[in-house]
Number of protein chains: 2
Amino acid sequence: MKKYTIKDIAELAGVSKGTIDRVIHKRGNVAKDVEDKVKQLLSDINYQPNLIARNLKNNRIYQISALLPDPQKDAYWQVCSDGMQQALSEFSAFDIRMNTFLFDPTDTKSFIKQHKKLLDSTPDMILMVPLFYKEAKTVLEEYKSLNIQVCTFNNQIDASAASFIGQDLYQSGRVAAKLMHSIIDNGDMAIIHIDEKYKNAVHMQEKEKGFKSYFEDLKGFKDDILKCKIRYTETEDKLRDFLKDHPNLTGIFVTNSKAFHVARLLESENKNHIKLVGYDLLEENVRFLKNGVIDFLIHQNPRQQAYLGLKFLIEHLVFEKDIPGQYLLPIDIINSENVKPFLRA
Amino acid sequence: MKKYTIKDIAELAGVSKGTIDRVIHKRGNVAKDVEDKVKQLLSDINYQPNLIARNLKNNRIYQISALLPDPQKDAYWQVCSDGMQQALSEFSAFDIRMNTFLFDPTDTKSFIKQHKKLLDSTPDMILMVPLFYKEAKTVLEEYKSLNIQVCTFNNQIDASAASFIGQDLYQSGRVAAKLMHSIIDNGDMAIIHIDEKYKNAVHMQEKEKGFKSYFEDLKGFKDDILKCKIRYTETEDKLRDFLKDHPNLTGIFVTNSKAFHVARLLESENKNHIKLVGYDLLEENVRFLKNGVIDFLIHQNPRQQAYLGLKFLIEHLVFEKDIPGQYLLPIDIINSENVKPFLRA
DNA sequence: CCATACATTGTGCTCGAACACAGTATTGCG
DNA sequence: CGCAATACTGTGTTCGAGCACAATGTATGG
């Protein structure tokens, strides 16, 4: 039951602690037979180094840098800093310095620029949102060549060595579909993609696929699933036209956080019979959820994503824990009654 | 930016580190003027002790004991040990010894007996499920008089000094109501309490209150909310009768984890048009959720409750963090499409 | 045969906090 | 004045791991 120390092992092996240390850290200069004996002993008693002592001795200042979208440009990212703050407070016993670099989520140039600035901060590890596929891929290559561990969240850049935290978007589309299916009886449905200024195309396509797949799996389902792509600048007019063109509509699925645009219109045109499912707990979305215009929101939990990402990085630094290659968060279903605790958590 | 050590402060104050230490730990034997000066200095530079060093020096073995229902008697509790395991693994750097005492959730005597055994393990802190109100109250008094910090979860024993982790049950009833309201159009609803062998009466009553309050808040709602109390042993017959007596039924809310009993009957009698909302991700519930007999389950997340409870206790021991008096988990809504990640998490 | 290179092993200090104990100064009392 | 009690203050060791450096022992070449 007692925990063995290096000193204990030295006594057991009949050598000094220096030798044990050399074996553990493969620093050489140990006779072959002694090395074998010590290795055997270490595995026999399943030696676990005292990480408290190790950290005290090493006494390092860890530098973690983050490359994130600017919450001033898109409120979705506001809660990330809360999550990071929580992780930092849990590990306040260690000296961890954070440097956060915010880029404009509508501007790839800003992404590259902030990435360059980040490199100057000589980070031990990096937390980032690889919002732009092509640019992110380049940037990740660079980190890899510099041998810096990276943890990404929100956007999955496949075939990269970096670890990823996020949600299964296809499945999230299926969740939306199931919700829709349970609240509407018949009539047409529409999937509405409201383009953000930056491309979240992959996100939205995956969700659409999932949504459709749910209804395809149903035997005997025959109502239409319409589709509507709207550019950010022309949202209101195009939406109004779309609703006019499809009077039979009973359900709308908005594939990103812009459901409030649709909600606004539905409210002003008194089309409250149309069910609405969307994403993310933005202030405006929550307002429409509470007054019943939006029926369900799916929570992508950016706060938790940032929290976990930073936590994984820190645990790797201080405890040498493995970082999971991929970690998929549960898909939270939110209605007007359970929304409250999610706003703070 | 640099972190100050006791040695730094000693130099700044022009005294030795021994004196600084005496001031910090209020060990007396310090001249009044020196004490004031050091105190001022400490607060000026906002001294934070290096908790790594403190833990290395103290080098204590912490003993935490848990008093939990036996998962063999009720599968609901199975996942608690996973949560506890996760907390332990996160703090594996510290020497924390767990002793778990399992009681029969149908037997108050067993609760008391295991509590007595627990006391023999001389714990520093206690994690417990205060399942039986009266007995728990006594037991908590005893812990208090012994000056042992306790963290409770699942059942809230009001007016106790112990901290509590769980859900807002009233609100959880409202969530169920909102779900029900969104999936049924008209017809009668029923709240069904299926008594467990042990009393969860308070739980179920709170949920019922919440459920009703939601519909009372709706203007113009006039359908009936029926109520049915069933004892565990007579479940099937009484349920069958109840369904026969109320052919107009379109929605059933089961206030605990026993929804699968109702689901079984609905399936065998081909009454799939009746919507069903219940609690907890038991294997059987999940099966009926996936095949569509159960529409929604509310997840009380006992795994997370146990995880957080243990984590709070450990963080208090090793980092002297405060334990929140009450911590309410978000109320998770589960349907057939998002259930999967909740089963492991 | 001794000096030197080389392989191997042991010793001792460090990280920062905690605390026992030794040391110094001041006061009171016979 | 002297001696002890009291009131402070300073020193040194410990926790376990990591690492620099000292200290062994052995072999090789001149």
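The sequence lines fix the lettering, A, B, ..., with proteins before strands; numbering per chain opens at 1.
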Subject >> Whether A/Phe132 and A/Phe103 hold their rings parallel, tilted or perpendicular, with breakpoints at 30° and 60° >> reply: tilted
Original post:
Looking at A/Asp21 and A/Arg27, does any basic side-chain N land under 4.0 Å from a carboxylate oxygen?
Top reply: yes
Subject >> Side-chain ion pair, B/Lys7 and B/Glu11, N-O less than 4.0 Å >> reply: no
Original post:
Tell me: CD1 of A/Ile24 to P of D/dC19, nearest whole Å?
Top reply: 11 Å
Subject >> Atom-pair distance (NZ on B/Lys26; P on C/dC19), nearest Å >> reply: 14 Å
Subject >> Between B/Gln156 and B/Gln326, a side-chain donor and acceptor under 3.5 Å >> reply: yes
Expected rows: protein N/O vs nucleotides 13-17 of chain C N/O, under 3.5 Å:
{"residue": "C/dC15", "atom": "O3'", "partner": "A/Asn59", "partner atom": "ND2", "Å": "2.8"}
{"residue": "C/dC15", "atom": "O2", "partner": "A/Lys57", "partner atom": "N", "Å": "3.4"}
{"residue": "C/dG16", "atom": "OP1", "partner": "A/Asn59", "partner atom": "ND2", "Å": "3.1"}
{"residue": "C/dG16", "atom": "N2", "partner": "B/Ala53", "partner atom": "O", "Å": "3.4"}
{"residue": "C/dA17", "atom": "OP1", "partner": "B/Tyr47", "partner atom": "OH", "Å": "2.6"}
{"residue": "C/dA17", "atom": "OP1", "partner": "B/Asn50", "partner atom": "N", "Å": "3.1"}
{"residue": "C/dA17", "atom": "OP2", "partner": "B/Ile6", "partner atom": "N", "Å": "2.6"}

Original post:
Among all residues two or more places apart in sequence or in another chain, which pass the ring-ring contact (aromatic ring centres under 6.0 Å, His included) test with A/Tyr47?
Top reply: none
Subject >> Spacing of B/Ile20 atom CD1 relative to D/dC8 atom P, expressed in whole Å >> reply: 16 Å
Table of protein N/O atoms under 3.5 Å from nucleotides 4-9 of chain C N/O atoms:
{"residue": "C/dT9", "atom": "OP2", "partner": "A/Ala31", "partner atom": "N", "Å": "3.0"}

Subject >> Distance flag, aromatic centroids of B/His115 and B/Tyr143, threshold under 6.0 Å >> reply: yes
Original post:
Is the B/Tyr327-B/Phe312 ring centre distance short of 6.0 angstrom?
Top reply: yes
Original post:
Can you check whether B/Phe319 and B/Phe94 have ring centres sitting under 6.0 Å from each other?
Top reply: yes
